[in-house]
Amino acid sequence: MGNREDLLAGARKAIMERGVAKTTARDIANAAGVSLAAIGYHFGSKDRLITEALAEALGTGIGDSMSELIKETEGRPLPEAFASMIDGLPAVFAANHEGMLASMENLLRVARSPESQRYMAESIPHAHADLAVALRETHPRLTQQQAEAISKLYFALTQGLSVLWMISSEVPDGETLSTAFAAIAGSPEG
């Protein structure tokens, strides 16, 4: 690994041990085994490093798991596939609990940092695109436009459901949300 990758790993390690608010640049540099100046050289600031480290970790952990949940629905009708994907999310959240806690702690800092907001704004379309690929591979009848729209829906729902899960450990199940979508679409039943 190079210094950049070491810093990302060091940031994740320090954050998981100390939390976002208590993690200093020195903590990260020590965990990474690099100089303090390397943070500025590779990321410009500790805040940018933390944003990237958490986004990368959760993007991999949750994003890859969502793609796997989508792929497990191959051959199922879309409403059933949707419900199955939603029902699989609590296990994904549980597997990424510590990273999600750190991410929630970091959210307010990101909201107040134009630099972090820009990074996130650039990253989110990549997450949508990855989910759209999984959707098209699993449900080949979807058009690109449909897959992109569904990926944005899945992404937005996952963000909201993850917050609900963190504060109450209960999220609406797939059948409930499918029923809601069917009602909105004008169908009598889901």
Side-chain angles (χ1 to χ4, degrees), residues 12 15-16 20 51-111 116-190:
R12 286 188 293 273
I15 290 165
M16 294 306 143
V20 173
T51 299
E52 286 192 37
L54 290 174
E56 183 181 293
L58 288 176
T60 300
I62 293 177
D64 289 354
S65 296
M66 286 178 68
S67 291
E68 287 303 314
L69 289 173
I70 290 168
K71 290 175 184 176
E72 290 171 7
T73 67
E74 187 170 12
R76 296 183 186 175
L78 281 173
E80 186 181 317
F82 168 79
S84 177
M85 199 283 295
I86 295 297
D87 288 342
L89 287 175
V92 172
F93 299 153
N96 292 278
H97 184 262
E98 290 303 313
M100 288 172 44
L101 275 175
S103 183
M104 288 182 75
E105 185 181 352
N106 190 43
L107 186 59
L108 186 56
R109 191 195 53 75
V110 170
S116 293
Q117 287 177 9
R118 278 190 301 277
Y119 174 79
M120 295 305 292
E122 293 167 1
S123 298
I124 290 172
H126 297 291
H128 293 160
D130 290 345
L131 291 175
V133 167
L135 283 160
R136 292 278 323 264
E137 289 173 354
T138 307
H139 303 282
R141 289 188 174 174
L142 290 174
T143 66
Q144 184 65 31
Q145 183 180 14
Q146 290 170 326
E148 289 171 2
I150 294 169
S151 74
K152 290 175 182 178
L153 173 67
Y154 280 7
F155 185 87
L157 283 173
T158 300
Q159 299 305 307
L161 293 173
S162 69
V163 171
L164 288 174
W165 186 87
M166 292 294 291
I167 61 175
S168 73
S169 294
E170 292 187 31
V171 296
D173 64 17
E175 184 179 340
T176 300
L177 293 179
S178 290
T179 299
F181 281 124
I184 291 167
S187 301
E189 299 257 344

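- Looking at residues two or more places apart in sequence or on another chain, you find no salt bridge (Lys or Arg N to Asp or Glu O under 4.0 Å) involving Glu98.
- Nearest heavy atom pair, residue Ala147 against residue Leu135, reads O-CD1, 3.5 Å.
- For Ser65, the side-chain contact (heavy atoms from CB on, under 4.5 Å) partners at least two apart in sequence or on another chain are Val92.
- Every residue meeting the side-chain contact (heavy atoms from CB on, under 4.5 Å) condition with Thr143, not counting sequence neighbours, appears here in chain and number order: Gln145, Gln146.
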Return a table of donor-acceptor pairs under 3.5 angstrom between the side chains of residues 75-88 and protein atoms on other chains or two or more places apart.
from	atom 1	to	atom 2	distance (Å)
Arg76	NH1	Ser84	OG	2.8
Asp87	OD1	Gly174	N	2.6

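- Taking the side chain as every heavy atom from C-beta outward, Val171 and Leu89 never approach each other to under 4.5 Å.
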Name each donor-acceptor pair under 3.5 Å that joins a side chain in residues 102-111 to protein atoms two or more places apart or in another chain, with its distance.
from	atom 1	to	atom 2	distance (Å)
Glu105	OE1	Val20	N	3.1
Glu105	OE2	Val20	N	3.1
Glu105	OE2	Ala21	N	2.7
Asn106	OD1	Arg109	NE	2.7
Asn106	OD1	Arg109	NH2	2.7
Arg109	NH1	Ser116	OG	3.3
Arg109	NH2	Asp47	O	3.2
Arg109	NH2	Thr51	OG1	2.5

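- In this view, Tyr119 satisfies the ring-ring contact (aromatic ring centres under 6.0 Å, His included) rule with no residue, not counting sequence neighbours.
- Considering only residues two or more places apart in sequence or on other chains, His128 meets the ring-ring contact (aromatic ring centres under 6.0 Å, His included) condition with Phe155.
- Evaluation of the salt bridge (Lys or Arg N to Asp or Glu O under 4.0 Å) rule for Arg136 yields no partner, not counting sequence neighbours.
- With a 4.5 Å cut-off on side-chain heavy atoms, Leu161 and Pro90 do not count as touching.
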For a side chain to side chain contact (heavy atoms under 4.5 Å, CB included) check, start with the C-alpha distance between Phe181 and Leu153, then their side-chain angles and the critical distance, and finish with the verdict. CA-CA 12 Å; Phe181 281 124; Leu153 173 67; 3.8 Å; yes
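- Between Leu142 atom CG and Ile150 atom CD1 the span is 4.5 Å, to the nearest 0.5 Å.
- In this structure, Ser123 OG and Glu52 CD are separated by 7.5 Å, a value rounded to the nearest 0.5 Å.
- Looking at residues two or more places apart in sequence or on another chain, you find a ring-ring contact (aromatic ring centres under 6.0 Å, His included) between His97 and Trp165.
- Once rounded to the nearest 0.5 Å, the distance linking NZ of Lys71 with CE of Met66 reads 13.0 Å.
- A heavy-atom distance below 4.5 Å is found between the side chains of Ile62 and Met100.
- Residues satisfying the side-chain contact (heavy atoms from CB on, under 4.5 Å) criterion with Glu175, sequence neighbours excluded, are Asp173, Thr179.
- The minimum heavy-atom distance linking Ala121 with Pro125 is given by the pair O-CD, 3.0 Å.
- Not counting sequence neighbours, the partners of Ser67 by the side-chain contact (heavy atoms from CB on, under 4.5 Å) test are Leu131, Ala134.
- With rounding to the nearest 0.5 angstrom, the CD1 atom of Ile184 is 9.5 Å from the CG atom of Leu177.
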